[in-house]
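Everything on this sheet refers to the single structure shown next.
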Amino acid sequence: MQQALIAMSHSPLLEHTNPPEDVKAAVEAAFDHVRAFAKDFNPDLVVNFGPDHYNGFFYDLMPPFCVGYEALGTGDYDSWDGPINVPTNEAEKLAQYIIDQDIDTAISRKMEVDHGAVQPMEIIFGGLDTVPVIPIFVNSVARPFTKVSRVRKFGQAVGEYFKDSDKKVLFIGSGGLSHDPPVPQIATATEEQRAFLTDGRKPTPEARAARQANTINTAIKFAAGEADIMDLNPEWDRAFLEVCKSGNVEGFDAYTADEMDAVAGHSSHEVRTWVAAYSALRACGEYEVDYEFYKPIKEYIAGFGVTTAVLKK
Ligand SMILES: O=C(O)/C=C/c1cccc(O)c1O
Ligand SMILES: [Fe+2]
């Protein structure tokens, strides 16, 4: 088996809020599963589809996709802070291949990636300086959003590139499922928020702490039924997981940005990373989802999903 997949939610609240013990234990068991899965698969390379939350990408230049040739973590919410082990030459060849398939992508020789991109690798491998990783940004917070069918085609191009590779490649998708954390949106932003969304790199320690405290407080209130954010939508989450399991990645095309906002929250777009990852795996062959965990967890502001998939023999 040359390709495999892990698609999972992330949450910066994992270390900051306190769900009931049985919920924490269930999430930890899911993390144990993905760690064992990755250890068993023993990838030579990870291709990591991740979102960003205005830590690395801003409205001064917001691409739908970006392949990182070199990258570093932003360290938000105590996530990976520093250089990432990216095989630059392979990333360059991958981007050229994607473009040759008539799918345009940005590239970066200094891509900054936040908790949303790095958390799965921190959980699975203990960091981003171990297994070589090509980080790929998939815009999941900043309108305008590219159509989901485009994300599928982008993922397919990535998968095709690796289909006959002699390397064992693990595709990771990080994000989702339904959730609506307090990340500002450009359409409703105040002047100050608009300035931040446009060019908010390198926040002061105070600004970063205030943002993080706001998210943590919102999560605590959300769990207590008192927060002014959209509820999680387990029904939507389960339907999305069914599409992942079906193997029919064209089924993702029915999702539209407006409907996702309306029924699953403004950060449900993070499932675009799953769409890219599942489409990449599908381009390598028929797959089966051999593990699924799901729980709506208000303390993490996340419809929390964890899946693994392998190619059919
Ligand atoms: O960027 C933030 O401040 C918050 C991000 C967040 C909160 C809850 C769930 C997630 O997936 C997030 O990325
Ligand atoms: Fe996120």
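Numbers here simply count residues along the sequence, with the first being 1. When a ligand or atom number is given, it counts from 1 through the structure's own listing order.
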If you measure from atom 11 (O) of ligand 1 to every heavy atom of His179, Arg208, Gln119, His53, which option wins on shortest distance?
->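 Selected option, by shortest heavy-atom distance: His179.
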Which segment of Pro181 sits under 4.0 Å of ligand 1 when only heavy atoms are counted =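 It is the side chain that gets close, since no backbone atom is under 4.0 Å.
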Ligand 1 versus Tyr300: contacting region, heavy-atom distance under 4.0 Å =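 Answer for Tyr300: backbone.
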Before giving the answer on side-chain hydrogen bond (donor to acceptor under 3.5 Å, both in side chains), spell out for His179 and Glu270 the whole-Å C-alpha distance, their side-chain angles and the decisive distance to 0.1 Å.
-> CA-CA 9 Å; His179 64 312; Glu270 287 183 355; 3.1 Å; yes
Please say which of Asp290, Val47, Thr307, Thr308 ends up in a side chain to side chain contact (heavy atoms under 4.5 Å, CB included) with Leu5.
->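 Going through the options one by one, the only one that passes is Thr307.
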Give yes if a backbone or side-chain nitrogen or oxygen of Asn55 is under 3.5 Å from a nitrogen or oxygen of ligand 1, and no if not.
->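 Not met; the criterion fails.
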Atoms of ligand 1, numbered as shown, that sit under 4.0 Å from any heavy atom of Glu270 |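 Matching atoms, with element in brackets: 11 (O), 13 (O).
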Salt bridge (Lys or Arg N to Asp or Glu O under 4.0 Å) involving Glu292 - partner list, sequence neighbours excluded |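 Partners of Glu292 under the salt bridge (Lys or Arg N to Asp or Glu O under 4.0 Å) test: Lys245.
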Using heavy atoms and a 4.0 Å limit, tell me yes or no: is [X] in contact with ligand 1?
X	value
Pro12	yes
Tyr54	no
Gln212	no

Distance from Phe171 atom CZ to Thr273 atom OG1, nearest 0.5 Å?
->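 If we round to the nearest 0.5 Å, Phe171:CZ and Thr273:OG1 are 14.0 Å apart.
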Considering only non-hydrogen protein atoms, determine which one is nearest to atom 4 (C) of ligand 1 and report residue, atom name and distance to 0.1 Å.
->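 Closest protein heavy atom to atom 4 (C) of ligand 1: Tyr77 OH, 3.7 Å.
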Could you find the nearest protein heavy atom to atom 1 (O) of ligand 1 and give me its residue, atom name and distance?
->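 Ranking protein heavy atoms by distance from atom 1 (O) of ligand 1, first comes Arg211 NH2, 2.8 Å.
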Could you tell me which residues satisfy ring pair (Phe, Tyr, Trp, His ring centres under 6.0 Å) with Phe222, sequence neighbours excluded, listed by chain and number?
->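 Not a single residue meets the ring pair (Phe, Tyr, Trp, His ring centres under 6.0 Å) criterion with Phe222.
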Determine which pairs satisfy side chain to side chain donor-acceptor pair (under 3.5 Å) with at least one residue from residues 132-145, sequence neighbours left out, and list them in order.
->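 Pairs touching residues 132-145 that pass the test: Arg143-Asp258, Arg143-Asp261.
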Where is the tightest heavy-atom contact between Phe145 and Ala257, given as atom of each residue plus distance?
->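 What the structure gives for the nearest pair is CD1-CB, 3.9 Å.
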Neighbouring protein N, O or S atoms of the Fe ion (ligand 2), below 2.8 Å |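 Under the 2.8 Å cut-off, the count stands at 3.
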